Amino acid sequence: MLKTETPAQDHVLLDQYPTADLVNVLVDDQMNAVNAVRAAAPRIAAAVAAALPRVEAGGRLIYVGAGTSGRLGVLDSVELYPTFSWPHGRAVALLAGGNDAMFVAVEGAEDDIVQGAADLRSLNVTNDDVVLLIAASGGTPYVLGALRAARELGALTIGFANNVDAPVANEADIGVTLDTGMEVISGSTRLKAGTAQKIALNTFSSALMVRLNKVYGNLMVDLKATNAKLVRRAIRLTAFATGVDEEAARAVLEQCDFHVKTAIVALSKKTDVERARAVLEAAHGSVRQALA
């Protein structure tokens, strides 16, 4: 039996715990998710290093999963646009059962290995693409179908699983094992297994975006200011990075569609936004290099 499915013996009377104790047990068990990701950090770093040249060459990030794992892939993919201005078309998510499965469980969809392969092939995958396969069990047929199709098409495959020696991790080019063990509620991998997957995906994509010059220092300078909150954030970040007041920051941001990188370079080098854009482009989008 898989460790993620094995009933835990520590809390066989869980349903009889006082509410305060029940909550503490559930919270405390989540710490094992952090430890599992920390143990897998070298593999995540290897995945970032392998993905970088493919993505720099124009490749996409393609997330594949079922159930909770698939929904976490969708979450990571959609958040890259507002956070890093990463194009929607270059962060694609496949969820067993289709888009409707994001909100309503589509029973049996995860068992279809043929559909997993077909869905992956429908994306016209190339060898520049990076396919992230996510499965707590590590043996979800839909995910394995997509994994095998991706390998045949030459894409880089990165497999995330919560069981040791799982096919998704073993068959991928780079396997990331998040060994979270037994769940407090037996088999409910939406608990710490899901938490570990969220941390690992967040870490992978964030580190990749840093390497792609989407960050200056630790400032989120390539955000997409799509709402009032993000407009205010763009102003604050620009003011902080350049030392100007918020009024001056806004004035320049309004000239460059609230692109923080461009505003920082324009203000720091005391030049216009067109020249700032040109300098940034020559520096491959690196604010630090543009200012050097």
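None of the values given here were measured: they were computed from a predicted structure.
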Flag if over 12 foreign heavy atoms under 6.0 Å of CG, Asp257: no

Does a side-chain heavy-atom distance below 4.5 Å link Arg211 with Val55? no

Side chains of Thr83 and Met220: does their closest heavy-atom pair fall under 4.5 Å? yes

Is the CG atom of Asp15 crowded by more than 12 outside heavy atoms at less than 6.0 Å? yes

Do Tyr216 and Leu291 touch side chain to side chain, with heavy atoms closer than 4.5 Å? yes

For Thr177 and Asp179, indicate whether the former's side chain and the latter's backbone hold a donor-acceptor pair under 3.5 Å. no

Between Arg43 (side chain only) and Gly175 (backbone N and O only), is there a donor and an acceptor less than 3.5 Å apart? yes

Closest contact, heavy atoms only, Gly187 versus Glu5: CA-OE1, 3.8 Å

When you group the ILVMFWY residues by side-chain heavy-atom contacts below 4.5 Å and let the links chain together, are Phe160 and Val34 in the same group? yes

Interatomic spacing from CG in Leu280 to CZ in Arg275 - rounded to 0.5 Å: 10.5 Å

Transitive ILVMFWY side-chain link Val184 to Val12, under 4.5 Å: yes

Nearest 0.5 Å, please: how far is CG in Leu201 from CG in Leu75? 9.0 Å

Backbone N/O of Ala276 and side chain of Lys269: donor-acceptor pair under 3.5 Å: no

Would you please test Thr195 and Ile199 for side chain to side chain contact (heavy atoms under 4.5 Å, CB included) and show each step? CA-CA 6 Å; Thr195 301; Ile199 298 170; 4.0 Å; yes

Using only heavy-atom distances, determine whether the side chains of Glu183 and Ser188 contain a donor-acceptor pair under 3.5 Å. no

Could you state the interatomic distance from CG (Asp222) to CH2 (Trp86), rounded to the nearest 0.5 Å? 10.0 Å

Is atom OH of Tyr17 surrounded by more than 12 heavy atoms (other residues, nucleotides or ligands) closer than 6.0 Å? yes

Euclidean distance, Lys198 NZ relative to Ile134 CD1, rounded to 0.5 Å: 11.5 Å

Heavy-atom closest contact (Ala200 atom, Leu178 atom, distance): CB-CD1, 3.9 Å

How close do Thr238 and Ala234 get, counting heavy atoms only, and between which atoms? OG1-O, 2.8 Å

Determine, for Glu274 against Arg277, whether the closest basic-nitrogen to carboxylate-oxygen distance falls under 4.0 angstrom. yes

Looking only at heavy atoms, which two atoms of Pro82 and Glu79 are closest? And how far apart? CD-O, 3.5 Å

As an exercise, state the distance from CG of Leu80 to CZ of Arg90, rounded to the nearest 0.5 Å. 11.0 Å

Between Thr157 and Leu133, is any pair of side-chain heavy atoms under 4.5 Å apart? yes

For Leu237 and Ile264, run side chain to side chain contact (heavy atoms under 4.5 Å, CB included): C-alpha distance rounded to whole Å, both residues' side-chain angles, the deciding distance at 0.1 Å, then the answer. CA-CA 9 Å; Leu237 287 169; Ile264 289 173; 6.0 Å; no

Given the rule that I, L, V, M, F, W and Y join up when any side-chain heavy atoms are under 4.5 Å apart, are Leu95 and Val143 in one cluster? no

Have Thr4 and Asn162 got a donor and an acceptor in their side chains that come within less than 3.5 Å? no

Could you tell me if the side chain of Val287 sits less than 4.5 Å from the side chain of Asn213, heavy atoms only? no

Would you check if Val131 and Leu147 make a side-chain contact, meaning some heavy-atom pair closer than 4.5 Å? no

Test side chain to side chain contact (heavy atoms under 4.5 Å, CB included) on Met209 and Val215; report intermediate values, then the result. CA-CA 7 Å; Met209 293 297 142; Val215 174; 5.6 Å; no

Around atom CZ of Arg190, are there more than 12 heavy atoms of other residues, nucleotides or ligands at under 6.0 Å? no

Any side-chain heavy atom of Arg288 within less than 4.5 Å of one from Ser286? yes

Search all heavy atoms of Arg71 against all heavy atoms of Met102 and return the closest pair with its distance. NE-O, 3.2 Å

Among side-chain atoms of Asn32 and Asp29, is any donor-acceptor pair under 3.5 angstrom? yes

Joint cluster assignment, Leu219 & Leu212, ILVMFWY side-chain distance < 4.5 Å: no

Would you please test Arg54 and Asp129 for side chain to side chain contact (heavy atoms under 4.5 Å, CB included) and show each step? CA-CA 6 Å; Arg54 302 209 188 202; Asp129 290 326; over 6 Å; no

Salt bridge (charged side-chain N to carboxylate O under 4.0 Å, His left out) between Glu152 and Arg148, intermediate numbers included: CA-CA 6 Å; Glu152 288 175 10; Arg148 290 163 186 168; over 6 Å; no

Note: Ala96 and Ala109 closest approach over all heavy atoms is C-CB, 3.7 Å

Among the clusters formed by ILVMFWY side chains lying less than 4.5 Å apart, do Phe204 and Val64 turn up in the same one? no

Donor-acceptor pair between Tyr142 and Asp119 side chains, under 3.5 angstrom: yes

Within the distance-only criterion (no hydrogens, no angle test), does the side chain of Arg151 pair as donor or acceptor with the backbone N or O of Glu171 below 3.5 angstrom? yes

About how many Å separate CD of Glu56 and CG of Leu208, when rounded to the nearest 0.5 Å? 8.5 Å

Just wondering, do Leu132 and Asp76 contact through their side chains at under 4.5 Å, heavy atoms? no

